[in-house]
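Structure first, commentary second.
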Amino acid sequence: MPQTRKRLAGTTGTDKKGPSRKRIQTENPDGASAKMENPSPQKILASKNYGKNPGSHWLMKSEPESRLEKGVDVKFAIEDLKVQPNQTACWDGVRNYQARNFLRAMKLEEEVFFYHSNCKEPGIAGLMKIVKEAYPDHTQFEKNNPHYDPSSTKDNPKWSMVDVQFVRMMKRFIPLAELKTYYQAHKATGGPLKDMALFTCQRLSVQPLTQEEFDFILSLEEKEPS
DNA sequence: GCCAACGTTGGC
DNA sequence: GCCAACGTTGGC
């Protein structure tokens, strides 16, 4: 089993600091209209049975550039997946409940966009598929792992992972900036990306896509970069 | 169970 | 390197 490290979402926050508190709440820049009309990300995700049906599509984020987390490099680019034995790796280290629940909903053979985050050019790099459904993430029990969770027990593991296999690179890299342009246009016109989780649930590292979102993004491969 | 503020995410 | 956004923590 390949041991790979991916950047994880979420905060386990196992070691709490001292009692000092000083952060001030950030103010909404446009003052008066503090309450947005937008439905909450949770409502959006809940409203569509995302991830509940067989044949769902997904997007998972990973960092393609080196970055140390507790002294361990969390870099994992699509090129790193490609050179694993069987081009397969376990997607470990997810420490966010919503993301974990999506991992647990994933079914064999479902397709997943490999998204490069926290890097020079963020965006969708390629396609992979689920080759093993959710099982306990071993890194939660490893004291020296950056994603060690002392609150989890082997009897009742908190965190799950899946195995993914490389399918192919995108015919061209689909940059975040381009997706965002479509998202903003579609929000106004009601196009396929109007609720895309990449923008409505910005910090979610494992997220579902509708068939329409998935198909639209694939169609961008054939288009000129905009 | 509320909610202040902490710490992380991740684009820019 | 900055910092907005936001999920999580923990005092009360």
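Within every chain, numbering begins at 1; the chains are lettered A, B, ... in the order of the sequence lines, protein sequences first and strands thereafter. The shown structure was predicted, so the numbers you read here are calculated from the model rather than taken from an experiment.
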- Whole Å only: how far is the CG atom of A/Leu198 from the P atom of B/dC12? 10 Å
- Is A/Lys61 near enough to B/dG10 that one of its side-chain N or O atoms lies under 4.0 angstrom from OP1 or OP2? yes
- Atom-to-atom span, CD of A/Glu63 to P of B/dT8 - whole angstrom: 13 Å
- Tell me which nucleotide among B/dG11, C/dT8, C/dA5 gets nearest to the side chain of A/Arg203. C/dA5
- Message: Restricting to side-chain contact (heavy atoms from CB on, under 4.5 Å), what partner residues turn up for A/Val167, sequence neighbours left out?
- Response: A/Leu127, A/Lys129
- Message: Tell me if the aromatic rings of A/Tyr135 and A/Trp159 count as close, with their centers under 6.0 Å from one another.
- Response: no
- Task: Give a yes/no on whether any side-chain N or O of A/Asn96 is located under 4.0 angstrom from OP1 or OP2 of C/dT8.
- Result: yes
- Message: Looking only at side-chain N and O atoms, does A/Asp163 offer a donor or acceptor that is under 3.5 Å from a partner on A/Thr88?
- Response: no
- Task: Find the distance A/Lys180:NZ to B/dC12:C1' and express it as a whole number of Å.
- Result: 8 Å
- Message: When you measure from the side-chain N and O atoms of A/Tyr115 to the phosphate of B/dG11, is any distance below 4.0 Å, counting only OP1 and OP2?
- Response: yes
- Item | Interatomic distance where CG belongs to A/Asn118 and P belongs to C/dC2 [whole Å] | 15 Å
- Once you round it to whole Å, what is the distance between C1' of B/dG10 and CD1 of A/Ile124? 16 Å
- Going by atom types only, do A/Asp155 and A/Thr153 share a side-chain donor-acceptor pair under 3.5 Å? no
- Query: Whole Å only: how far is the OH atom of A/Tyr97 from the C1' atom of B/dT9?
  - Reply: 18 Å
- Rounded off to whole Å, could you give me the CE-to-C1' distance for the A/Met60 and B/dT9 pair? 18 Å
- What is the distance from CZ of A/Phe199 to P of B/dG11, rounded to the nearest Å? 9 Å
